[in-house]
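Labels below follow one simple rule: chain letters A, B, ... track the order of the sequence lines, proteins then strands, and each chain is numbered from 1.
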Amino acid sequence: MTNKSREQLMCIITEASFAIDDCKLYLDTHPCDREALDYYQTYRKIRKEAMKDYRDCYGPLSAYDVADANVWTWINAPWPWEGAC
Amino acid sequence: MWNYEKRLQYPVNIKNSNAKAARFIITQFGGPDGELAASMRYLSQRYTMPYKEVCGVLTDIGSEVPVLSRRGYKPAWGQDSGHPIDSMGIEVSKLHFSFAGRKDKRKCEVIPMMDKEKTTARPVLSGKWINIMLIFCTEHIEPDIGTSVSR
(Lines give C-alpha, C1' and ligand atoms only; values in the text may rest on other atoms or scores of the structure.)
Protein backbone atom coordinates (compact mmCIF):
# COMPACT_ATOMS: atom_id res chain seq x y z
CA MET A 1 0.00 0.00 0.00
CA THR A 2 1.07 3.54 -0.54
CA ASN A 3 0.23 6.90 0.93
CA LYS A 4 0.22 8.62 -2.45
CA SER A 5 -2.93 9.57 -4.31
CA ARG A 6 -3.84 8.24 -7.73
CA GLU A 7 -2.84 11.54 -9.36
CA GLN A 8 0.49 11.67 -7.55
CA LEU A 9 1.38 8.12 -8.53
CA MET A 10 0.29 8.67 -12.10
CA CYS A 11 2.41 11.82 -12.20
CA ILE A 12 5.47 9.87 -11.05
CA ILE A 13 4.81 7.14 -13.60
CA THR A 14 4.30 9.66 -16.41
CA GLU A 15 7.49 11.53 -15.60
CA ALA A 16 9.66 8.46 -15.13
CA SER A 17 8.28 6.89 -18.30
CA PHE A 18 8.93 10.03 -20.31
CA ALA A 19 12.51 10.16 -19.01
CA ILE A 20 12.91 6.57 -20.13
CA ASP A 21 11.35 7.27 -23.55
CA ASP A 22 13.83 10.06 -24.09
CA CYS A 23 16.81 8.11 -22.77
CA LYS A 24 15.91 5.11 -24.89
CA LEU A 25 16.23 7.12 -28.10
CA TYR A 26 19.64 8.41 -27.01
CA LEU A 27 20.88 4.98 -25.99
CA ASP A 28 19.81 3.53 -29.35
CA THR A 29 22.57 5.54 -30.99
CA HIS A 30 24.99 5.68 -28.03
CA PRO A 31 24.80 2.17 -26.61
CA CYS A 32 27.96 2.41 -24.52
CA ASP A 33 27.33 5.67 -22.70
CA ARG A 34 27.70 4.73 -19.05
CA GLU A 35 26.11 7.90 -17.73
CA ALA A 36 23.02 7.41 -19.86
CA LEU A 37 22.80 3.77 -18.85
CA ASP A 38 22.88 4.76 -15.17
CA TYR A 39 20.23 7.42 -15.81
CA TYR A 40 18.05 4.80 -17.43
CA GLN A 41 18.45 2.38 -14.52
CA THR A 42 17.57 5.06 -11.98
CA TYR A 43 14.30 5.87 -13.66
CA ARG A 44 13.58 2.24 -14.40
CA LYS A 45 13.66 1.55 -10.69
CA ILE A 46 11.44 4.52 -9.83
CA ARG A 47 8.94 3.58 -12.50
CA LYS A 48 8.84 -0.06 -11.51
CA GLU A 49 7.95 0.76 -7.93
CA ALA A 50 5.37 3.35 -8.89
CA MET A 51 3.73 0.95 -11.36
CA LYS A 52 3.52 -1.75 -8.76
CA ASP A 53 1.95 0.61 -6.23
CA TYR A 54 -0.52 1.91 -8.79
CA ARG A 55 -1.52 -1.56 -9.85
CA ASP A 56 -2.03 -2.68 -6.27
CA CYS A 57 -4.04 0.35 -5.19
CA TYR A 58 -5.85 1.73 -8.21
CA GLY A 59 -6.09 -0.81 -10.99
CA PRO A 60 -4.16 -2.36 -13.86
CA LEU A 61 -2.16 -0.31 -16.32
CA SER A 62 -1.23 -3.22 -18.56
CA ALA A 63 -3.48 -5.98 -19.83
CA TYR A 64 -0.74 -8.47 -18.99
CA ASP A 65 -0.87 -7.57 -15.34
CA VAL A 66 -4.49 -7.64 -14.19
CA ALA A 67 -5.03 -8.80 -10.63
CA ASP A 68 -7.43 -11.64 -9.97
CA ALA A 69 -11.00 -10.60 -9.29
CA ASN A 70 -14.53 -11.74 -10.04
CA VAL A 71 -14.78 -9.33 -12.95
CA TRP A 72 -12.43 -8.26 -15.70
CA THR A 73 -11.23 -4.98 -14.23
CA TRP A 74 -9.22 -4.00 -17.28
CA ILE A 75 -12.20 -2.34 -18.96
CA ASN A 76 -13.11 -0.25 -15.95
CA ALA A 77 -12.89 3.50 -16.12
CA PRO A 78 -10.92 5.59 -16.56
CA TRP A 79 -9.53 5.18 -20.02
CA PRO A 80 -6.84 7.73 -20.75
CA TRP A 81 -9.02 9.96 -22.91
CA GLU A 82 -11.66 10.32 -20.20
CA GLY A 83 -11.30 12.63 -17.29
CA ALA A 84 -9.21 15.75 -17.25
CA CYS A 85 -10.49 17.16 -20.53
CA MET B 1 5.55 -6.71 -30.89
CA TRP B 2 3.59 -4.00 -29.22
CA ASN B 3 2.24 -3.58 -25.76
CA TYR B 4 0.42 -0.56 -24.40
CA GLU B 5 -0.25 0.90 -20.99
CA LYS B 6 -3.47 2.47 -19.97
CA ARG B 7 -2.12 5.98 -19.50
CA LEU B 8 -1.19 9.08 -21.48
CA GLN B 9 2.44 9.77 -22.28
CA TYR B 10 1.87 13.41 -21.35
CA PRO B 11 -0.84 14.81 -19.07
CA VAL B 12 -3.57 16.82 -20.71
CA ASN B 13 -5.66 19.60 -19.19
CA ILE B 14 -7.72 21.48 -21.72
CA LYS B 15 -9.06 24.78 -20.49
CA ASN B 16 -10.30 26.21 -23.79
CA SER B 17 -11.10 23.77 -26.53
CA ASN B 18 -10.31 25.04 -30.00
CA ALA B 19 -11.82 23.09 -32.84
CA LYS B 20 -9.91 24.97 -35.55
CA ALA B 21 -6.61 24.13 -33.94
CA ALA B 22 -7.76 20.58 -33.47
CA ARG B 23 -8.71 20.28 -37.12
CA PHE B 24 -5.35 21.57 -38.27
CA ILE B 25 -3.42 19.31 -35.94
CA ILE B 26 -5.32 16.23 -36.90
CA THR B 27 -4.59 16.85 -40.58
CA GLN B 28 -0.92 16.48 -39.70
CA PHE B 29 -1.63 13.01 -38.41
CA GLY B 30 -3.30 11.37 -41.40
CA GLY B 31 -2.83 11.48 -45.13
CA PRO B 32 0.19 10.67 -47.31
CA ASP B 33 2.49 13.26 -45.70
CA GLY B 34 1.21 12.76 -42.19
CA GLU B 35 2.88 11.43 -39.09
CA LEU B 36 1.16 8.10 -39.31
CA ALA B 37 2.47 7.50 -42.82
CA ALA B 38 5.96 8.39 -41.64
CA SER B 39 5.59 5.94 -38.79
CA MET B 40 4.61 3.19 -41.19
CA ARG B 41 7.63 3.97 -43.37
CA TYR B 42 10.00 3.75 -40.39
CA LEU B 43 8.49 0.50 -39.26
CA SER B 44 8.78 -0.94 -42.75
CA GLN B 45 12.35 0.18 -43.37
CA ARG B 46 13.83 -1.13 -40.14
CA TYR B 47 13.97 -4.72 -41.43
CA THR B 48 16.71 -4.02 -43.93
CA MET B 49 18.92 -1.74 -41.84
CA PRO B 50 22.51 -2.98 -41.58
CA TYR B 51 23.16 -1.37 -38.18
CA LYS B 52 21.42 -2.33 -34.96
CA GLU B 53 21.39 1.26 -33.74
CA VAL B 54 19.34 2.31 -36.73
CA CYS B 55 16.92 -0.61 -36.29
CA GLY B 56 16.39 0.54 -32.73
CA VAL B 57 15.80 4.17 -33.62
CA LEU B 58 13.37 3.37 -36.44
CA THR B 59 11.38 0.99 -34.26
CA ASP B 60 11.25 3.32 -31.27
CA ILE B 61 10.34 6.45 -33.18
CA GLY B 62 7.92 4.57 -35.43
CA SER B 63 6.18 3.26 -32.33
CA GLU B 64 5.94 6.61 -30.66
CA VAL B 65 3.99 8.39 -33.39
CA PRO B 66 0.62 6.84 -32.56
CA VAL B 67 1.32 7.54 -28.91
CA LEU B 68 2.09 11.20 -29.51
CA SER B 69 -0.87 11.70 -31.75
CA ARG B 70 -3.37 10.08 -29.49
CA ARG B 71 -2.46 12.01 -26.41
CA GLY B 72 -4.89 14.73 -25.62
CA TYR B 73 -7.65 13.49 -27.89
CA LYS B 74 -11.05 13.98 -26.53
CA PRO B 75 -14.52 13.56 -27.94
CA ALA B 76 -16.15 16.81 -28.94
CA TRP B 77 -19.55 15.69 -30.08
CA GLY B 78 -22.23 18.28 -29.97
CA GLN B 79 -20.02 21.17 -29.03
CA ASP B 80 -20.72 24.56 -30.52
CA SER B 81 -17.07 25.12 -31.29
CA GLY B 82 -16.90 22.70 -34.18
CA HIS B 83 -17.75 19.41 -35.77
CA PRO B 84 -16.01 16.14 -35.16
CA ILE B 85 -13.56 15.25 -37.88
CA ASP B 86 -11.62 12.24 -39.07
CA SER B 87 -7.88 12.01 -39.63
CA MET B 88 -8.09 13.70 -43.03
CA GLY B 89 -9.81 16.72 -41.53
CA ILE B 90 -13.13 15.68 -43.03
CA GLU B 91 -16.16 16.32 -40.88
CA VAL B 92 -17.87 13.26 -39.55
CA SER B 93 -21.60 13.58 -39.40
CA LYS B 94 -22.42 10.48 -37.44
CA LEU B 95 -20.66 8.09 -35.19
CA HIS B 96 -22.19 5.03 -33.71
CA PHE B 97 -20.51 2.16 -32.00
CA SER B 98 -20.11 -1.45 -32.83
CA PHE B 99 -20.57 -3.85 -29.98
CA ALA B 100 -19.54 -7.10 -31.49
CA GLY B 101 -20.81 -10.01 -29.49
CA ARG B 102 -23.12 -8.01 -27.28
CA LYS B 103 -26.76 -9.01 -27.16
CA ASP B 104 -28.19 -5.71 -28.39
CA LYS B 105 -26.05 -5.85 -31.57
CA ARG B 106 -26.51 -2.23 -32.52
CA LYS B 107 -25.33 -1.65 -36.03
CA CYS B 108 -22.65 0.95 -36.36
CA GLU B 109 -21.08 3.01 -39.04
CA VAL B 110 -18.83 5.98 -39.34
CA ILE B 111 -19.95 8.15 -42.20
CA PRO B 112 -17.48 10.89 -43.07
CA MET B 113 -19.02 13.77 -44.97
CA MET B 114 -16.99 15.03 -47.88
CA ASP B 115 -17.97 18.65 -47.30
CA LYS B 116 -20.45 20.67 -45.35
CA GLU B 117 -23.42 20.03 -47.62
CA LYS B 118 -24.78 16.54 -47.96
CA THR B 119 -23.13 14.80 -50.89
CA THR B 120 -23.67 11.59 -52.74
CA ALA B 121 -20.23 10.26 -51.90
CA ARG B 122 -20.52 8.76 -48.44
CA PRO B 123 -17.91 6.09 -47.83
CA VAL B 124 -18.81 3.95 -44.90
CA LEU B 125 -16.16 2.74 -42.54
CA SER B 126 -17.25 -0.06 -40.34
CA GLY B 127 -15.85 -3.15 -38.83
CA LYS B 128 -15.43 -5.03 -35.64
CA TRP B 129 -13.20 -2.40 -34.08
CA ILE B 130 -13.93 1.16 -35.14
CA ASN B 131 -11.10 3.55 -34.62
CA ILE B 132 -12.68 6.50 -32.93
CA MET B 133 -11.38 9.75 -34.38
CA LEU B 134 -11.35 12.22 -31.61
CA ILE B 135 -10.46 15.84 -31.71
CA PHE B 136 -7.21 17.03 -30.29
CA CYS B 137 -7.65 20.27 -28.46
CA THR B 138 -4.93 22.36 -26.95
CA GLU B 139 -4.69 25.68 -25.25
CA HIS B 140 -1.25 26.47 -26.63
CA ILE B 141 -2.08 27.00 -30.27
CA GLU B 142 -3.21 30.35 -31.62
CA PRO B 143 -6.85 30.29 -32.73
CA ASP B 144 -6.54 32.05 -36.08
CA ILE B 145 -4.78 29.33 -38.02
CA GLY B 146 -8.05 28.42 -39.74
CA THR B 147 -7.07 30.57 -42.69
CA SER B 148 -4.38 28.11 -43.69
CA VAL B 149 -6.67 25.09 -43.74
CA SER B 150 -7.77 24.32 -47.26
CA ARG B 151 -10.88 22.25 -46.48
Q.
Would a single hydrophobic cluster contain both A/Ile20 and B/Val57, if residues Ile, Leu, Val, Met, Phe, Trp and Tyr are joined by side-chain heavy-atom contacts under 4.5 Å?
A. no
Q | Side-chain heavy-atom pair A/Pro31, B/Lys52 within 4.5 angstrom cut-off | A | no
Q) Just wondering, more than 12 heavy atoms not from A/Lys4 lying within 6.0 Å of its NZ? A) no
Q: State, to 0.1 Å, how close B/Asp60 and A/Lys24 come at their nearest heavy-atom pair, and which atoms those are.
A: OD2-CG, 3.3 Å
Q | From A/Phe18 atom CZ to B/Gln9 atom CD, the distance as rounded to the nearest 0.5 Å | A | 5.5 Å
Q.
How about OH on B/Tyr51, more than 12 heavy atoms from neighbouring residues, nucleotides or ligands closer than 6.0 Å, or not?
A. no
Q: Output the distance between atom OG (A/Ser17) and atom CD (B/Glu5), rounded to the nearest 0.5 Å.
A: 6.0 Å
Q | Which of A/Asp28, A/Asp65, A/Leu61, A/Thr29 touches chain B most, by non-hydrogen pairs under 4.5 Å | A | A/Asp28
Q) Under 6.0 Å from the OH atom of A/Tyr43, do we count more than 12 heavy atoms belonging to anything else shown? A) no
Q) Which pair of heavy atoms, one from B/Lys6 and one from A/Met10, lies closest together, and at what distance? A) O-CE, 4.4 Å
(Q) Does atom CZ (A/Arg44) have a neighbourhood of more than 12 heavy atoms from anything else shown, all under 6.0 Å? (A) no
